[in-house]
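Written out below as structure tokens is the structure these notes cover.
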Amino acid sequence: MRNIWTLFKKEFRSYFNSPIAYIFITVFLVVMGWLVMTGFFIENRASMRAFFGLLPWAFLFFVPAATMRLWAEEKKLGTTELLMTLPVRDHEVVLGKFLASFSFVSLAVALSFSLPITVAALGNPDPGPIIGGYLGAFLMGGAYLSIGLFVSGLTENQIVAFIVGFVLCFLMFIVGAEFVLFSLPHWLVPVFKYLGLGSHFDSIGRGVIDSRDIIYYLSVIGFFLWLNVRWIESRRWA
Amino acid sequence: MEAQPAMIEVRNLWKSFGETVAVQDVSFDVRKGEVLGFLGPNAAGKTTTMRILTCYLSADRGEARVGGYDVFEESLEVRRRVGYLPESAPLYMDQGVVECLEFVSELRGIPGRERASRIRRMVEVCGLGDVMHKTIGQLSRGFRQRVGLALSLVHDPDILVLDEPTSGLDPNQIVEIRDLIRRIGREKTVILSTHILPEVQVTCDRVIIIDRGKLVASGTPEELASRQGGGTSIHVEIQGPQEEVESALRGLAGVTSVSWKAAKRADRHCYVLKASDGETLTEEVFRLAVRRNWVLSKLSAEKASLEEVFSALTSRE
Ligand SMILES: Nc1ncnc2c1ncn2[C@@H]1O[C@H](COP(=O)(O)OP(=O)(O)OP(=O)(O)O)[C@@H](O)[C@H]1O
Ligand SMILES: [Mg+2]
């Protein structure tokens with residue numbers, strides 16, 4: 001437990017050791033703010049719909065950018081040899097990295113809380129979808145992060161990690177979408193609908209908090225973190 | 001010495017990477033209070049063996065125990081007791097020097113109140129005082145090596161595995177680090193790899209040489225040196241007609257071989273004589289030169305060196 005905390009601190013701090021973190025957060029806030037505000041003035045209603053509708057798409061870019069460094073850089077610099085010969089368990093390292101990236105992305109999302117507050121001041125929005133939307137955002141972000149972290153371990157090139165992470169997240173997001181379901185044999189529809197990251201997000205985003213959706217996200221996160229741990233173990237057999 | 005327990009035991013270790021067999025059937029022991037030098041040409045398998053001992057890689061076959069624990073079954077126990085300096089001292093470039101010492105101390109489980117004093121001690125021992133407040137990325141190669149060394153020592157480990165510990169260090173620092181290793185080696189167990197053979201003679205109690213993954217020799221530096229013919233080599237620099245000198249030298253009693261080496265000046269020639277007994281032969285060489293009226297500008301006898309043993313055992317003929 002203490003090791004996870006130490007590893008977490010190191011990873012979280014290293015986001016802020018370079019200007020990338022500040023640029024990342026600023027761009028995220030500006031893009032989201034601009035999209036929501038234009039939506040607000042065009043539609044002239046106090047809805048956070050636009051915001052949460054856009055969040056999964058924004059995450060497709062931001063999350064792989066937040067995770068690409070985590071393993072790829074260690075592999076490139078050879079620091080895995082320093083880290084993995086210390087008395088730490090493989091899962092502690094994976095959790096430390098995951099929690100650090102989760103906190104970082106959560107920080108960006110939390111800073112965007114200023115948006116619903118502005119909207120609330122301007123109109124009189126329904127709090128249900130906003131709470132659900134944020135909950136869904138954290139879960140969805142977590143799922144993307146676990147995918148991105150795993151992918152980062154497969155290469156020592158950060159750009160490759162970013163692109164592969166993006167594609168994998170995109171596929172996971174899209175499999176449950178209407179137009180994909182439409183082209184499938186009907187017995188496969190429920191399977192794909194269940195597997196898609198997007199479909200679960202929609203229902204939470206409507207303010208309907210269903211434990212099945214939460215379990216779904218947690219299992220996606222758990223699965224990819226588990227794969228990551230297995231991958232580290234298998235490295236020793238390389 | 002013999003009564004001391006073996007802290008590192010390696011038995012019939014094998015490791016290959018695809019087609020390359022990096023380690024083949026290697027076995028050796030390192031006892032408590034011993035500094036073992038690990039020699040071998042490039043790509044011999046030294047780093048690979050050390051990575052197996054520190055649980056970074058697993059072996060294909062064979063057994064390795066460190067501090068009494070199996071490196072595969074009880075990897076955490078092994079890692080707790082070992083201090084490891086990897087080959088090129090990989091470090092996190094964005095951390096500060098103190099920050100990275102703190103990071104490793106925390107993961108090493110050094111309690112908070114001892115941490116500061118351990119770190120201060122390491123800064124002193126490894127000569128990091130001047131760079132304490134810098135970021136690793138700003139350090140020169142040699143200072144990174146020192147930081148890597150500090151990281152491997154910070155928890156005062158019983159067993160040290162050092163892969164080319166003095167590479168990149170300046171001469172003063174090399175002397176200090178060698179002294180440090182000797183001092184640590186009195187009570188602890190050290191295995192170090194190096195390409196600097198004189199270093200082995202001053203720091204190591206015992207040496208093993210591996211070549212293309214196979215163990216080719218082991219013993220004390222003196223034992224190994226004397227094994228190679230056991231003789232003496234005499235270096236002679238003479239001013240005189242080359243062929244005449246060479247055949248005259250070859251004619252001396254007790255000379256087993258004569259080889260010519262270029263000298264710094266064109267009119268002089270260097271010869272290396274191999275002989276079983278050096279003492280009387282130097283006198284003979286001197287008399288010969290006097291008799292023939294050749295100018296003798298250098299005459300020295302040297303015990304067979306580790307270098308010769310090394311090249312004899314590992315040359316690619
Ligand atoms: N990760 C790896 N993948 C493939 N081959 C490897 C790997 N690591 C080492 N090898 C190969 O194993 C052999 C032994 O390498 P090793 O690094 O152990 O040599 P070394 O004795 O440390 O050499 P040096 O003196 O140059 O440091 C080499 O042929 C090397 O190419
Ligand atoms: Mg090596």
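Chain naming here is simple, since letters A, B, ... match the order of the sequence lines and numbering starts at 1 in each. Model, not experiment: these values are computed from the prediction.
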Exercise for the section: Mind listing the closest non-hydrogen atom pair of A:Leu77 and B:Met93 along with its distance? Expected result: CD1-CG, 4.1 Å
Handout entry: B:Lys214, NZ: over 12 other non-hydrogen atoms inside 6.0 angstrom
Key = no
Handout entry: Salt-bridge contact A:Arg13-B:Glu99 (side-chain N to carboxylate O under 4.0 Å)
Key = yes
Problem - Pairs of heavy atoms under 4.5 Å with chain B: top-ranked of A:Glu92, A:Arg2, A:Arg89 - result: A:Arg89
Exercise for the section: Look at B:Ile52, B:Thr54, B:Val104, B:Leu107 and state which one has the largest set of heavy-atom pairs under 4.5 Å with chain A. Expected result: B:Leu107
Practice task
Without swapping roles, check the side chain of B:Arg80 against the backbone of A:Leu86 for a donor-acceptor pair under 3.5 Å.
Solution key: no
Practice task
Determine yes or no for a side-chain-to-main-chain donor-acceptor pair under 3.5 angstrom, with B:Asp94 supplying the side chain and A:Asn17 the backbone.
Solution key: no
Practice task
Establish, from distance only, whether the side-chain atoms of B:Tyr84 and A:Glu81 form a donor-acceptor pair under 3.5 Å.
Solution key: yes
Practice task
For A:Lys75, look at atom NZ and say whether over 12 heavy atoms of other residues, nucleotides or ligands are found less than 6.0 Å away.
Solution key: yes
Practice task
Run the numbers on A:Thr85 and B:Val82 for side-chain contact (heavy atoms from CB on, under 4.5 Å), then give the verdict.
Solution key: CA-CA 9 Å; A:Thr85 54; B:Val82 171; over 6 Å; no
Handout entry: Donor-acceptor contact below 3.5 Å, side chain B:Arg108 vs main chain A:Pro87
Key = no
Problem - Which portion of B:Leu151 sits near chain A, non-hydrogen atoms under 4.5 angstrom - result: side chain
Practice task
Give, for atom CZ of B:Arg51 and atom CE of A:Met84, the distance between the pair rounded to the nearest 0.5 Å.
Solution key: 14.0 Å
Exercise for the section: Test A:Glu73 against B:Tyr92 for side-chain contact (heavy atoms from CB on, under 4.5 Å), laying out the working first. Expected result: CA-CA 9 Å; A:Glu73 194 174 62; B:Tyr92 294 106; over 6 Å; no
Handout entry: B:Arg141, CZ: over 12 other non-hydrogen atoms inside 6.0 angstrom
Key = yes
Fill in the blank from the handout: d(A:Leu82 CG, B:Phe103 CZ) to nearest 0.5 Å is 7.0 Å
Problem - Atom group of A:Thr80 that falls short of 4.5 Å from chain B, counting heavy atoms - result: both
